[in-house]
**Student:** 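Input: one structure, supplied below.
Every chain is numbered from 1 and lettered A, B, ... according to where its sequence line falls, protein lines coming before strand lines.
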Amino acid sequence: QQQVKQSPQSLIVQKGGISIINCAYENTAFDYFPWYQQFPGKGPALLIAIRPDVSEKKEGRFTISFNKSAKQFSLHIMDSQPGDSATYFCAASRRDSSYKLIFGSGTRLLVRP
Amino acid sequence: NAGVMQNPRHLVRRRGQEARLRCSPMKGHSHVYWYRQLPEEGLKFMVYLQKENIIDESGMPKERFSAEFPKEGPSILRIQQVVRGDSAAYFCASSPYPTGGNNSPLHFGNGTRLTVT
């Protein structure tokens, strides 16, 4: 019930293409869904986050789509660039569980020039 | 405004020794979370602390692991009698409020990579 399942494990996209990463959760009590970007040797950095009362949120080239009934959410990276090559993690947290983040297993994205 | 500072960046310990990992949160942040990341895996929650209090330690092994966040000074994650399975990257994160509350993002440090030989 506490799991967040992420796919794919790895993704290769051509420069200018769209990268799509998917996550699914079981616990309907989750009320905060962030995406983090991590470069090798660095800590994760928050990219974009959404709450379940919104179906989509866009910030620049990054968009979260949220489907509450299917308990799924996804990250879309438009016009993908080589500098976007990193590992991406989805996560979820609950107000009544110390807000601790439950992370997905990560997607390693490679954007080819 | 300096980010979350963790030290040391790399730590090598022999089996049975103690490991002490330090985390200085961002200025004004009183909420600290510790996470562990095994190679090629996601981050796993360990413990959540506010100044001088442990709020949630449900992700921390009952034995050998302890954490503190004193009134003055950094948060410390201590691992006693380390074993090879403790080898991982340990990340600290801080926020001014509990994660997700008041749109409060979690700021991560660059981690301490612990290697147990």
**Student:** Taking side chain as everything from C-beta outward and backbone as N, CA, C, O, which of these in A:Gln6 sits under 4.5 Å from a heavy atom of chain B? Side chain, backbone, both or neither.
**Tutor:** neither
**Student:** Around atom CD of A:Gln9, are there more than 12 heavy atoms from other residues, nucleotides or ligands closer than 6.0 Å?
**Tutor:** no
**Student:** In this structure, are over 12 heavy atoms from other groups packed under 6.0 Å from A:Lys58 atom NZ?
**Tutor:** no
**Student:** Which atoms of B:Gln37 are under 4.5 Å from chain A, going by heavy atoms: the side chain, the backbone, both sets, or neither?
**Tutor:** side chain
**Student:** Can B:Ile79 be reached from B:Leu43 by stepping across I, L, V, M, F, W or Y side chains whose heavy atoms are under 4.5 Å apart?
**Tutor:** no
**Student:** Which is it for A:Tyr36 and B:Leu106 under the side chain to side chain contact (heavy atoms under 4.5 Å, CB included) test, yes or no, and what are the steps along the way?
**Tutor:** CA-CA 10 Å; A:Tyr36 281 82; B:Leu106 204 55; 3.3 Å; yes
**Student:** Around atom CZ of A:Arg108, are there more than 12 heavy atoms of other residues, nucleotides or ligands at under 6.0 Å?
**Tutor:** no
**Student:** Donor-acceptor check, side chain of B:Tyr35 to backbone of A:Leu101, threshold 3.5 angstrom: yes or no?
**Tutor:** yes
**Student:** Quick one: does any side-chain atom of B:Asn110 pair with a main-chain N or O of A:Gly43 as donor and acceptor, under 3.5 Å?
**Tutor:** yes
**Student:** Please report the C-alpha distance between A:Gln38 and B:Phe91 in whole Å, then the side-chain angles of each, then the deciding distance to 0.1 Å, and finally whether the side chain to side chain contact (heavy atoms under 4.5 Å, CB included) criterion is met.
**Tutor:** CA-CA 12 Å; A:Gln38 184 179 31; B:Phe91 289 94; 3.4 Å; yes
**Student:** B:Tyr48 ring centre to A:Lys100 NZ or CZ under 6.0 Å, with the angle to the axis within 45°?
**Tutor:** no
**Student:** When rounded to the nearest 0.5 angstrom, what is the spacing between NZ in B:Lys44 and CD1 in A:Ile102?
**Tutor:** 8.5 Å
**Student:** Side-chain heavy atoms nearer than 4.5 Å, only ILVMFWY residues, links allowed to pass through others: does that put A:Ile48 and A:Val54 together?
**Tutor:** yes
**Student:** For B:Gln81, look at atom CD and say whether over 12 heavy atoms of other residues, nucleotides or ligands are found less than 6.0 Å away.
**Tutor:** no
**Student:** So how far is it from A:Ser93 OG to B:Tyr33 OH, rounded to the nearest 0.5 Å?
**Tutor:** 7.5 Å
**Student:** Does B:Arg9 CZ have over 12 foreign heavy atoms under 6.0 Å away?
**Tutor:** yes
